[in-house]
Amino acid sequence: MRVVGRDFYRRDPRAVAPELLNKLLVRRGIGDADGPDAGDRVGRIVEVEAYCGGIDPGSHAFRGMTARNRTMFGPPGGLYVYFTYGMHWCANAVCGEEGEGVAVLLRALAPVAGLDAMRAVRPRARRDRDLCSGPAKLCQALGLGHAFDGADLVTGDRAVVVCDDGTPPPADPAQTTRIGLTNGTEHPWRWYVRGDPNVSTGGGRETLPPPPPPT
DNA sequence: ACCGGGATGTTCT
DNA sequence: GAACATCCCGGTG
């Protein structure tokens with residue numbers, strides 16, 4: 001199982017996003033710790049969205065760099081973690097070249113390892129499919145918060161990496177419009193693994209594009 | 001299963 | 001002062 005290299009991210013996020021499907025997001029634990037940090041927490045990436053900087057009105061980077069989004073403009077392979085709705089953290093893999101401000105939002109994981117630790121930090125999740133089935137849920141499950149903004153997914157400087165265990169991306173992923181936005185809803189820049197129960201819109205149903213606006 | 005509303009506070013206008 | 005790349009709960013069918 002190898003860590004994904006930096007050149008993987010150094011491309012258009014719309015190319016990176018579908019290839020991130022079926023890769024593993026790994027939060028390394030502390031071997032001799034107790035509680036949630038006792039071991040690795042691992043999830044298979046099953047849902048992603050691309051955010052395309054200056055050309056994308058839905059992107060945090062659309063209006064240029066700010067104190068909040070500066071990680072997005074950093075080197076590819078960085079982890080951009082932002083706070084939203086007054087209580088939630090969400091995580092992106094920075095893509096493209098440094099200075100572009102493009103990234104892929106990690107929207108859902110299928111839990112693979114460290115399920116007990118995930119359950120411990122998400123006591124309200126009734127079923128395992130509720131542990132990581134949303135961008136803020138997966139951050140909570142893996143313990144990703146402000147301290148992880150700017151982490152390097154390639155060097156693993158803060159114990160978070162993306163790995164490839166040999167499972168290829170799906171040959172025919174579902175591609176839909178993005179979720180939860182008010183701007184940029186027309187772009188079909190969301191991808192997910194068909195049929196996976198951990199996809200964030202309930203049981204993995206396809207989301208059809210919105211009807212064309214009235215003329 | 002589907003829908004509506006409240007929580008909660010940072011960020012940007 | 002509004003918006004926000006969300007989640008959870010409690011209603012109804």
Side-chain angles (χ1 to χ4, degrees), chain A residues 9 12-14 16-18 20-21 25 43 45-74 78-96 100-109 111 118-150 153 174-192 195-210:
Chain A
Y9 302 98
D12 189 297
R14 290 163 290 188
V16 174
L20 273 172
L21 295 175
L25 183 63
I45 298 168
V46 296
E47 180 188 356
V48 292
E49 285 175 354
Y51 286 86
C52 300
I55 67 163
D56 179 5
S59 170
H60 287 171
F62 184 55
R63 295 176 201 287
M65 187 160 53
T66 66
R68 173 211 216 182
N69 67 18
R70 70 189 144 71
T71 298
M72 258 187 106
F73 291 84
L79 188 68
Y80 168 47
V81 180
Y82 69 90
F83 185 68
T84 192
Y85 287 103
M87 51 196 121
H88 298 302
W89 298 95
C90 298
N92 298 251
V94 176
C95 295
E100 272 191 64
V102 297
V104 172
L105 173 67
L106 306 176
R107 285 199 59 92
L109 310 176
M118 296 182 192
R119 294 185 193 107
V121 293
R122 287 190 45 72
R124 323 222 68 169
R126 288 195 28 18
R127 304 158 297 170
D128 288 349
R129 66 165 51 101
D130 301 321
L131 288 172
C132 300
S133 55
K137 295 181 197 176
L138 73 89
C139 282
Q140 201 178 358
L142 297 204
L144 304 179
H146 183 247
F148 290 82
D149 182 36
L153 294 171
Q175 180 177 0
T176 76
T177 55
R178 297 174 293 181
I179 291 183
L181 306 185
T182 55
N183 294 316
T185 54
E186 67 277 17
H187 297 121
W189 292 343
R190 170 175 176 255
W191 291 263
Y192 64 85
D196 192 286
N198 298 280
V199 169
S200 69
T201 51
R205 260 191 309 293
E206 300 233 10
T207 304
L208 299 178

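Each chain gets a letter, A, B and so on, in the order its sequence line appears, and its residues count up from 1.
In plain terms, the two heavy atoms of Cys132(A) and Ala141(A) that are nearest each other are SG-CB, 3.7 Å. Taking all atoms of both residues into account, the shortest heavy-atom contact from Val102(A) to Gly53(A) is CG1-N, 3.8 Å. Here the shortest heavy-atom pairing between Cys52(A) and Ser59(A) reads N-CB, 4.1 Å. Nearest heavy atom pair, residue Asn92(A) against residue Tyr82(A), reads ND2-CE2, 3.5 Å. Nearest heavy atoms, Leu106(A) versus Leu25(A): CD1-CD2, 4.0 Å.
Residues from residues 45-70 of chain A that place a heavy atom under 4.0 Å from any atom of DNA chain C, listed by number: Tyr51(A), Gly58(A), His60(A). For DNA chain C, the neighbouring residues in residues 118-136 of chain A, judged by any heavy atom under 4.0 Å, are Arg122(A), Arg124(A), Gly134(A), Pro135(A), Ala136(A).
Residues passing the side-chain contact (heavy atoms from CB on, under 4.5 Å) test with Met65(A), sequence neighbours excluded: Asn69(A), Arg70(A), Phe73(A). Every residue two or more places apart in sequence or in another chain that forms a side-chain hydrogen bond (donor to acceptor under 3.5 Å, both in side chains) with His60(A) is listed here: Tyr80(A). Residues passing the salt bridge (charged side-chain N to carboxylate O under 4.0 Å, His left out) test with Arg119(A) are Asp116(A), Asp128(A), sequence neighbours excluded. Under the ring pair (Phe, Tyr, Trp, His ring centres under 6.0 Å) criterion, His187(A) pairs with Trp189(A), sequence neighbours left out. Every ring pair (Phe, Tyr, Trp, His ring centres under 6.0 Å) that Phe83(A) has, sequence neighbours left out, goes to Trp89(A).
The residue Arg107(A) sits close only to the backbone: its heavy atoms come under 4.0 Å of sugar-phosphate atoms, none of a base.
The side chain to side chain donor-acceptor pair (under 3.5 Å) pairs that include a residue from residues 130-144 of chain A are Arg122(A)-Gln140(A), Arg127(A)-Asp130(A), Ser133(A)-Lys137(A), where partners are two or more places apart or lie in different chains. Residue pairs meeting the salt bridge (Lys or Arg N to Asp or Glu O under 4.0 Å) criterion with at least one partner in residues 45-58 of chain A, sequence neighbours excluded, are Glu47(A)-Arg107(A), Glu47(A)-Arg190(A), Glu49(A)-Arg107(A), Asp56(A)-Arg178(A).
Along DNA chain C, read 5' to 3', the first and last nucleotides having any atom under 4.0 Å from a heavy atom of chain A are dC4(C) to dC9(C).
With a 3.5 Å limit on both pairing distances and Watson-Crick or G-U wobble geometry required, the stems of 3 or more pairs in DNA chain B span B:1-7 with C:6-12, B:9-12 with C:1-4.
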* Structure fact -> Quick tally for nucleotides 3-9 of chain B: nucleotides whose base has a protein heavy atom under 4.0 Å get B, sugar-phosphate-only ones S, the rest -, giving ----BBB
